[in-house]
Amino acid sequence: MVFSLPVILLLTVPLIKMTTGPSLAMLWETLGDKDVLLAIARSLGLSLTAGLLAFAFGTPLSYLLARKDFPGKKIIEGIIDLPVMIPHPVVGIAILSLAGRTHAFGRFLSGMGIEIMGTRTGIVTVLIFVGIPFYVNTVKAGFESVPVRLEYASRTLGAGTFETFRRVTLPLTWRHMVLGIIMCTARAISEFGAVVIVAYHPMTAPVMIYERFTAYGLKYSQPVAVWLILLSLALFIVLRMMSRSAVQYHR
Amino acid sequence: MVFSLPVILLLTVPLIKMTTGPSLAMLWETLGDKDVLLAIARSLGLSLTAGLLAFAFGTPLSYLLARKDFPGKKIIEGIIDLPVMIPHPVVGIAILSLAGRTHAFGRFLSGMGIEIMGTRTGIVTVLIFVGIPFYVNTVKAGFESVPVRLEYASRTLGAGTFETFRRVTLPLTWRHMVLGIIMCTARAISEFGAVVIVAYHPMTAPVMIYERFTAYGLKYSQPVAVWLILLSLALFIVLRMMSRSAVQYHR
Amino acid sequence: MIRLDNISLTFPGFAIENIDLTIREKDFFALIGPTGSGKSVLLEIIMGLIPFSSGKLLFKEKDMGQTPVEKRRLALVYQDFALFPHLSVAHNILYGIRYHGIKKDEGHKRLDDLTNILGLKRILDRKPHNLSGGEKQRVALARALILNPAVLLLDEPLSALDPEFHGEAKNLLKQIHQDMGMTIVMVSHNFGDVMYLANRGAVIHQGRICQTGDITTLFEKPDSLFTARFVGMKNIMPARILQGNVRIEGSDAVIETSVVPDIEQGYMGIRPEDIVLLSQGADNPGNSANRFCGTITRVASQGMFVEVRVESGSLNFEAAWPRRYLRDLQIAPGREATIAFSPQSVHIFQHQPY
Amino acid sequence: MIRLDNISLTFPGFAIENIDLTIREKDFFALIGPTGSGKSVLLEIIMGLIPFSSGKLLFKEKDMGQTPVEKRRLALVYQDFALFPHLSVAHNILYGIRYHGIKKDEGHKRLDDLTNILGLKRILDRKPHNLSGGEKQRVALARALILNPAVLLLDEPLSALDPEFHGEAKNLLKQIHQDMGMTIVMVSHNFGDVMYLANRGAVIHQGRICQTGDITTLFEKPDSLFTARFVGMKNIMPARILQGNVRIEGSDAVIETSVVPDIEQGYMGIRPEDIVLLSQGADNPGNSANRFCGTITRVASQGMFVEVRVESGSLNFEAAWPRRYLRDLQIAPGREATIAFSPQSVHIFQHQPY
């Protein structure tokens, strides 16, 4: 028990110290700063977009990985886990190298009017990249927690595959999907290294914190940081509550 | 299957494009740059230190969480998962606010000769902060995969608690510990946002990539990024291989 | 009704080979075998959940191999019941009616009937995780029966139940078969249950059929060593057939049998309960051609009967007698005993490799 | 040898209450009860793996409540055997010797003996996941027995085994008890197994002891409705005791019993195998005071015996007769039958709330 204390202290003391550091007046004042509000709203909006896109594209993949066995499955699973291991600025650089006009794909993108460098599109792309493992792994675990026999039972009762998904699989896993969207969104909000490469502007909250820190020092970056952390904590608490209810059927 | 393709492409194409982008000559030349080698070595060394410290302090906590029920356990588990959700620059700012000389704890630290801002100590602290959830959750899962009945059986055969840990629990979980150290190390290597706040110098590889990107542009940051990514991939492959052998006893 | 014609299927490390089976209308058919013999796989093949690699699956003489699961009009009740955890008992039971063109009114009428028969009235609003094992099973049965399936497939219907519910559940299945005139295919590894419920069956071992036919025949005339052991045949001894009589290897004993098979060498088996004790107050079978005098060497209680070993010369017989004999006839190790068994209870079979 | 004195323990949603038990040296003691009755918890309390909240646990009259698990000289074999997956069979078996002051030579000698007795020679170098259920069990037994424990505790030793290995494993346990003169405490929910193995036992229900004593007594003279049902007593009818005779409620029938208890109202029970058929060629018990004429209403096969229901006036009797009667005596529904049972087989018990 005593041996575990340093870990707990390391994770809690700095956060408590920081959130209690700035005076309430300063926190309030920061809220009046339109740039701060905009940056936080932008972070939340773009991250949620990434979360929803992860839902749209990640759900079929999760189902595939949870239910089917196919050659190369291990490799696909490896690829899904990859983003966690890639240094964050490298992610940004890799995404940027996609869009270079010297390549066919880059020209194709700009021909479509899609710009990555310094755009919301670029930021969302980067955020999906770092967030998708959280969505896919959560939802895959959700699908795996539904015994195949339940789906088989549904089919023996006359329901086709689509009806079975709608009436059995979905009701048992939508909580995992919401959970996955929140996790992906929360991970996206926290991203800085990859975003700062792809787009310094439009400015997300983590970039703003960094800018204020380098320009004005610790004291001036703290209020923004506190507001961002409160947002993250709110998401985190929703997440913990959701994840308890998501497992309730699988005792 | 077709629906899953965009996800797979998003995760692989940028990385492939980037690693195949720079010419071999450029990659070779980069290796001759002493600063680059030093930054990569520093990243690896400090991250490994963080991994080993996570092993030392995280193992008892993991055992506690896997084996005992106590009031507040859910909260401790929540705290362990917290770092994933905290925006990276905020982590750096929070750690820095620990060390401020206006507080008792900050003065205590500097009285001990411990500096955080711009030091290796600071970087390692930040890296443990971001890496510890990976260690604790991996090793906790490892301990949970050993049925309590095996430990009970050992004790009924006359082995005390320490002998039981040494002869039953440890042989069945050391793979998870190695796995946890690698995961924690790999996560630490990839960290940028928190590190750049605490210490721009001594420069770690992700910071160097960022610096080169802002100072000279995409083309000059790529070779360093490729070398760092190769290191990450090497760790990643070891990880995947380890994790298969770690579960082999638990079919 | 259902016919499996030379069906084969290979999994990694396991194969089902050349299965021929005919399940007739209103049969209570049992697929019997040890764990891992492939009997549950057969059920999933019939249901269409697992595709087979060669052979034919016929339903009322029409090829059913390509019919999707949901169109087969078969119902499968799993060992763990596979109730939908997010639906109430009532909604579980009503789940399938819309796919079978059953109107809502009709569905609720059937629900009413079934809940009365199965005693589910009080639990209709509960969720599955609040139910006991016996209740879960009855809900799973109701969910299948409401659709009037042509055939009911049961995967080890009794093994997930606590012993207290065992007898009750067995009676319920028997009643369903009799009252609803349903064709039932059941997988089981418990021969006692099979004897109670089924009229026909097949013994499966390592993906092959050892023997198929009437349950009584399987029980009384197993044609291989494996089936014999599986159905509880004892007193299995290598035997030689000479001039219509059985001669036990390594002994002078000659034993009369009512059916002389056309083989020279094989095994003899006698069910332990067919060996009677000749004694004042005990059974006195009219015709006891096979008599042996010996000494009781072991008496072991098995619940309502006792397992008694009698040594007669170089032969060891194992008999199962009512427990009451202990008290009424002072059965005990060391006592002399004269035993007998009728020629009808002497079974001869060949040793087959599987 | 082991005494539990008024032991209680409360879990969330479950309690063990006021348990008194005495296990004597060389007993084969069975803790019997349905799933969730708390019998396995008792085993873990005796072993010291679960602390109890009040009461005393004595071992050879010395308080053992505070002795750590590893010092108790008891051995526990779990239902799933709990073999160490990373060690070979030999190393599993030798695991405990260093803690019991057994020298290496002596350990290997014992290993040799045990592998001979238990037939483990060929598998000594294998890892546990390559073993069959029966092999795993024998390894787990060897691992415990090599330490010469004072008492062997067995948690449902037979329920994880396939039916094929069941009989063999049962014989092995009996042999270990007899040959090694060991004290054994076994948890089981199968009364058949208990009858075969144990000499004494206790029936547990919802964390309390219903009845404790000789197995034969539990089997033949259950003193509560729960125990009676659990041990397979049938023909349970509410009864009134009048002038030394039993009068069945709602009927004129008067039944003779050999032991008249000192109660006015209670239940009568007769084991189905104690009801005999009076017929040419069947049992003819010397003293049959209780005779009933009736009609056979149902015949159900149960493997080696048949379950027969006989209706006599307003009474329904359930009897278990050898299967042979079907063939030899033409037992069938609709036939008349005269049945009888001796006064010794009429058991009277009070209805107790648990």
**Q.** Between CD on residue A/Glu163 and CZ on residue C/Arg98, distance to nearest 0.5 Å
**A.**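 One finds 6.0 Å between CD of A/Glu163 and CZ of C/Arg98.
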Q) Got a second to check how far A/Arg149's CZ is from C/Asp155's CG, nearest 0.5 Å? A)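 If I round to the nearest 0.5 Å, the distance is 8.5 Å.
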Considering non-hydrogen atoms only, spot the tightest contact between [X] and [Y] and give its length.
X	Y	value
A/Leu157	C/Tyr95	CD1-CD2, 3.7 Å
C/Leu76	A/Thr156	CB-CG2, 4.0 Å
A/Pro171	C/His86	CB-CD2, 3.3 Å
C/Phe84	A/Leu150	CE2-O, 3.4 Å
C/Pro68	A/Arg155	CB-NH2, 4.5 Å

Q. Taking C/Glu44, C/Arg72, C/Met47 one by one, which has the highest count of heavy-atom pairs under 4.5 Å against chain A?
A. C/Met47
**Q.** Residue selection (most heavy-atom pairs with chain A, distance under 4.5 Å) from C/Leu74, C/Asp80, C/Ile97, C/Leu147
**A.** C/Asp80
Q. Considering only heavy atoms, which portion of A/Ser154 lies under 4.5 Å from any heavy atom of chain C: side chain, backbone, both, or neither?
A. both
If you draw a 6.0 Å radius around [atom1] in [X], do more than 12 non-hydrogen atoms from other residues or ligands fall strictly inside?
X	atom1	value
A/Ile75	CD1	no
C/Asp125	CG	no
A/Lys73	NZ	yes
C/Lys104	NZ	no
A/Arg42	CZ	yes
A/Phe57	CZ	no
C/His100	NE2	yes

Q. Contact part of C/Arg143 toward chain A, heavy-atom cut-off under 4.5 Å: side chain, backbone, both or neither?
A.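 Both parts, heavy atoms under 4.5 Å.
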